[in-house]
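Working notes, structure below.
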Amino acid sequence: MKLTDRLYEAAKDIWMGYLKQPFVEELGNGTLSEERFRFYMVQDYRYLLQYAKVFAMGVVKTEDEGLMTRFSYMVHDTLDGEMNIHKAYMSRLGITEEEVATTKSTLANQSYTSYMLDEAYKGGPLEILVAVLSCAWSYQMIGEHHKTIPGALEHPLFGEWVQGYSSKEYCDTTQEIIDLVNALGKDVTPEREEHLKEIFVNCSRYEAYFWDMAYAMAD
């Protein structure tokens, strides 16, 4: 088994619950309220700004030019790729840049991004990649599941979200992270692997908390 397979096994029970969470389930079947989706968009936009900083730490933490370049591309993919999905929705939902800038991140949001950044500061490129992996990978899983739901890709509000997170471009970006984790972690020590599993499981829990927060529109 590759390292990412072992990471997934450690968090599998958490991941199995994602598709059953009300926000995720209702987004897929098209019954999620616009109010909840709007709240999520603002919080997720603020999350992604910090998420990009985690990738940026990878540039700082490596001396390998090739890896440095790949981390810089990941920052770009987040700010100019994934953010484009959000910016399009923000325009449609009437969310202004001022609103995003002045809205406070929820406690769950702050805690999640602070944890990722802390692990990025303390660790190296491998820890950084594992910290972002649960978000990237689980969104791909949800997107690919939702595109199999009749009408989900064509939904007037949520279809673009499903299309974006099940797209070849997004899947390719996620696969790059997976491949890098497996390459850098090929000969990882058992002790370090346990810590990597802890990071992955914690971030997987934070993903569940984020969906709960978005549905409740509060912490």
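The structure displayed is predicted, hence computed values, not measured ones.
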Residue pair Leu27 / Val162, side-chain heavy-atom distance below 4.5 Å
yes
Quick one, Thr4 with Phe200, criterion side chain to side chain contact (heavy atoms under 4.5 Å, CB included). Give me CA distance, side-chain angles, the key distance, then yes/no.
CA-CA 10 Å; Thr4 53; Phe200 189 75; over 6 Å; no
Strictly by salt bridge (charged side-chain N to carboxylate O under 4.0 Å, His left out), give each pair with a member in residues 52-76 just once, sequence neighbours left out.
Arg70-Glu176
Return the minimal non-hydrogen interatomic distance between Met90 and Thr96, and the atom names on each side.
CE-O, 4.4 Å
Is a side-chain donor or acceptor of Ser167 paired with a backbone partner of Gly164 at a separation under 3.5 angstrom?
yes
Pairs involving residues 112-125, ordered by first then second residue, that meet salt bridge (charged side-chain N to carboxylate O under 4.0 Å, His left out) (sequence neighbours left out)
Asp118-Lys122, Glu119-Lys122
For the residue pair Ala10 and Val201, what are the closest heavy atoms and their distance?
O-CG2, 3.6 Å
Is it possible for you to say whether Leu107 and Phe39 belong to one hydrophobic cluster, with membership spreading through side-chain heavy-atom contacts below 4.5 Å?
no
May I ask you to decide if the ring planes of Phe23 and Tyr215 are parallel, tilted or perpendicular, using 30° and 60° as cut-offs?
perpendicular
Working to the nearest 0.5 Å, report the span between OH of Tyr165 and CD of Gln140.
12.0 Å
Shortest non-hydrogen contact from Ala136 toward Ile177:
CB-CD1, 4.0 Å
Of the non-hydrogen atoms in Leu67 and Pro125, which two are nearest, and what is the gap between them?
CD2-CB, 3.9 Å
So, the side chain of Gln21 versus the backbone of Ala208: is there a donor-acceptor pair under 3.5 Å, distance only?
yes
Are more than 12 heavy atoms, taken from residues, nucleotides or ligands other than Tyr115, located less than 6.0 Å from that residue's OH atom?
yes
Heavy-atom pair of closest approach, residues Thr78 and Ala52
CG2-CB, 4.0 Å
Using the ring-ring contact (aromatic ring centres under 6.0 Å, His included) criterion, which residues pair with His155? Sequence neighbours excluded.
Phe158
Are Leu129 and Leu133 close enough that some pair of their side-chain heavy atoms sits under 4.5 Å apart?
no
In the single-linkage hydrophobic clustering (I, L, V, M, F, W, Y; side-chain heavy atoms under 4.5 Å), do Val181 and Met1 co-cluster?
no
Heavy-atom distance under 4.5 Å between the side chains of Ser105 and Gln43, does that happen here?
yes
Output the distance between atom OG1 (Thr62) and atom CG (Leu126), rounded to the nearest 0.5 Å.
11.5 Å
Look at the side chain of Asp5 and the backbone N and O of Lys2, then say whether any donor-acceptor pair between them is shorter than 3.5 Å.
yes
Could I get the full list of side-chain hydrogen bond (donor to acceptor under 3.5 Å, both in side chains) partners for Gln110, not counting sequence neighbours?
none
Where at least one partner belongs to residues 90-112, residue pairs that pass ring-ring contact (aromatic ring centres under 6.0 Å, His included), sequence neighbours excluded
Tyr47-Tyr112, Tyr112-Tyr206
Side chains of Tyr139 and Trp161: closer than 4.5 Å at any heavy-atom pair?
yes
Going by the ring-ring contact (aromatic ring centres under 6.0 Å, His included) test, which pairs reach into residues 72-106, not counting sequence neighbours?
Phe37-Tyr89
For residues 186-214, which residue pairs pass the salt bridge (charged side-chain N to carboxylate O under 4.0 Å, His left out) check, not counting sequence neighbours?
Arg6-Glu193, Glu127-Arg192, Glu193-Lys197, Glu194-Lys197
Pairwise side-chain contact, Glu160 with Leu153, heavy-atom cut-off 4.5 Å (strictly under)
no
Sorted by chain and residue number, the salt bridge (charged side-chain N to carboxylate O under 4.0 Å, His left out) partners of Lys12 (sequence neighbours excluded) come out as Glu9
Taking Asn109's backbone N and O only, do any of them form a donor-acceptor pair with Thr113's side chain (distance below 3.5 Å, no angle check)?
yes
Fit a plane to each ring of Trp137 and Trp15, take the angle between them on a 0 to 90° scale, and name the class: parallel (under 30°), tilted (30 to 60°) or perpendicular (over 60°).
perpendicular
Measuring only between side-chain heavy atoms, which start at C-beta, is Asp77 closer than 4.5 Å to Phe55?
no
The side-chain hydrogen bond (donor to acceptor under 3.5 Å, both in side chains) partners of Ser134 (sequence neighbours excluded) come to none
Do Met217 and Leu32 share a hydrophobic cluster, counting only Ile, Leu, Val, Met, Phe, Trp and Tyr and linking them when any side-chain heavy atoms are less than 4.5 Å apart?
yes
Name all residues meeting the salt bridge (charged side-chain N to carboxylate O under 4.0 Å, His left out) criterion together with Glu144; count only those two or more places apart in sequence or in a different chain, and write none if there are none.
none
Would you say Tyr45 ends up clustered with Leu157 if hydrophobic residues are merged whenever their side chains have heavy atoms under 4.5 Å apart, either directly or through other cluster members?
yes
Which atom pair, heavy atoms only, marks the closest approach of Ala120 to Val54?
CB-CG1, 4.1 Å
For the SG atom of Cys203 and the CE atom of Met116, what is their distance to the nearest 0.5 Å?
6.0 Å
Looking at residues at least two apart in the chain, or sitting in another chain, which of them share a side-chain hydrogen bond (donor to acceptor under 3.5 Å, both in side chains) with Trp211?
none
Suppose the criterion is salt bridge (charged side-chain N to carboxylate O under 4.0 Å, His left out): which pairs have a residue in residues 19-38, not counting sequence neighbours?
Arg38-Glu99
Hydrophobic cluster membership, Ile149 vs Met141, 4.5 Å side-chain cutoff:
no
Compare all side-chain heavy atoms of Gln175 with those of Ile178 and state whether any distance is below 4.5 angstrom.
yes
Please confirm whether the backbone N or O of His145 pairs with a side-chain atom of Thr148, one donor and one acceptor, at under 3.5 Å?
yes
Distance (rounded to the nearest 0.5 Å) between Leu93 CG and Tyr40 OH
12.0 Å
